[in-house]
Structure formats: structure tokens, C-alpha cells
Amino acid sequence: MKVGDRVCIKNSVVVYHHPQNRSQPFDIKGMEGEVVAIVHEWHGRPVSANWPILVQFDKKFRAHLKEDEVELISSEV
């Protein structure tokens with residue numbers, strides 16, 4: 001998986017920061033988005049992020065996810 005790939009959320013993942021459901025549980029299972037970053041370092045130092053895949057779903061909503069929570073739909077060549 002790399003930056004630019006389209007992914008779909010394959011497992012039930014509940015978030016509390018969805019723009020239309022602030023502070024309320026919201027399940028993003030089945031939503032599609034684009035990988036915008038894979039976190040390996042922070043301020044030039046290597047990190048081992050718990051949720052390294054940053055997915056942008058729409059203009060106002062993105063989330064950090066684990067590799068086993070996303071499924072590759074299409075890959076940017």
C-alpha cells in the first residue's frame with residue numbers, strides 16, 4: 001500500500017471526529033478514501049505509529065488506520 005491508493009474500510013471502525021457527527025460514535029465501515037500518508041517519522045525521527053495509514057475520505061474528514069482495517073480498491077501507478 002502506498003500514497004495515492006484508493007482504499008475501502010473493511011472492518012467496523014468507530015470514530016468520534018466525523019464532521020457531521022462530532023463527539024458521537026460513527027462507524028466508517030464501507031467508506032472509501034485515498035491514502036495521503038504512511039507515517040514512519042515525525043519531525044525527522046523514526047516512529048512506530050499504532051495507526052500508520054492516513055486516509056482522506058472527503059475535504060473535511062480523514063483518519064489514521066491500521067493496515068488490517070483497510071482494503072485496497074485501486075492502486076495509483
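For the single chain, residues carry numbers from 1 onward in sequence order.
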(request) Would you kindly confirm whether Val39 and Val15 end up in one hydrophobic cluster when ILVMFWY residues are joined by side chain heavy atoms under 4.5 Å apart? (result)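 They do not share one cluster, since no chain of ILVMFWY contacts under 4.5 Å joins Val39 to Val15.
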Could you tell me which non-hydrogen atom of [X] sits nearest to which non-hydrogen atom of [Y], and how far apart they are?
X	Y	value
Val14	Pro25	CG1-CB, 3.7 Å
Ile9	Val13	CG2-CG2, 3.9 Å
His17	Arg22	O-NH1, 3.6 Å
Gly30	Cys8	O-SG, 3.7 Å
Asp68	Lys10	O-CE, 2.9 Å

(request) Please indicate whether Gln20 has more than 12 foreign heavy atoms, meaning atoms of other residues, nucleotides or ligands, lying under 6.0 Å from its CD. (result) yes
(message) Does Asn21 form a side-chain contact (heavy atoms from CB on, under 4.5 Å) with Tyr16? I'd like the steps, not just the answer.
(response) CA-CA 7 Å; Asn21 301 288; Tyr16 289 84; over 6 Å; no
(request) List the steps, then state whether side-chain contact (heavy atoms from CB on, under 4.5 Å) holds for Ile53 with Val35. (result) CA-CA 7 Å; Ile53 301 170; Val35 176; 4.1 Å; yes
Would you confirm whether [X], through its side chain, and [Y], through its main-chain N or O, come within 3.5 Å as a donor-acceptor pair?
X	Y	value
Glu69	Lys66	yes
His64	Asn50	no
Asp27	Ser12	no

(message) Please report the interatomic distance CZ(Arg6) to CD(Glu34), rounded to the nearest 0.5 Å.
(response)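 It comes to 6.5 Å.
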(request) Supply the atom-to-atom distance Ser74 OG to Glu32 CD, rounded to the nearest 0.5 angstrom. (result) 8.5 Å
(request) Please tell me if the side chains of Leu54 and Arg62 come closer than 4.5 Å, counting only heavy atoms from C-beta onward. (result)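 In short, these two side chains touch, coming nearer than 4.5 Å.
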(message) With heavy-atom distances below 4.5 Å as the criterion, would you say the side chains of Leu65 and Ile28 are in contact?
(response) yes
(request) Could you label the plane-to-plane angle of the Phe61 and His18 rings as parallel, tilted or perpendicular, counting under 30° as parallel and over 60° as perpendicular? (result)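 Phe61 and His18: perpendicular rings.
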(request) Apply side-chain contact (heavy atoms from CB on, under 4.5 Å) to Met1 and Glu67, showing your working. (result) CA-CA 9 Å; Met1 195 168 308; Glu67 285 190 33; 5.5 Å; no
(request) Start with the C-alpha gap between Ile73 and Val7, add the side-chain angles, then the distance that decides, and say whether side-chain contact (heavy atoms from CB on, under 4.5 Å) holds. (result) CA-CA 5 Å; Ile73 296 174; Val7 294; 5.5 Å; no
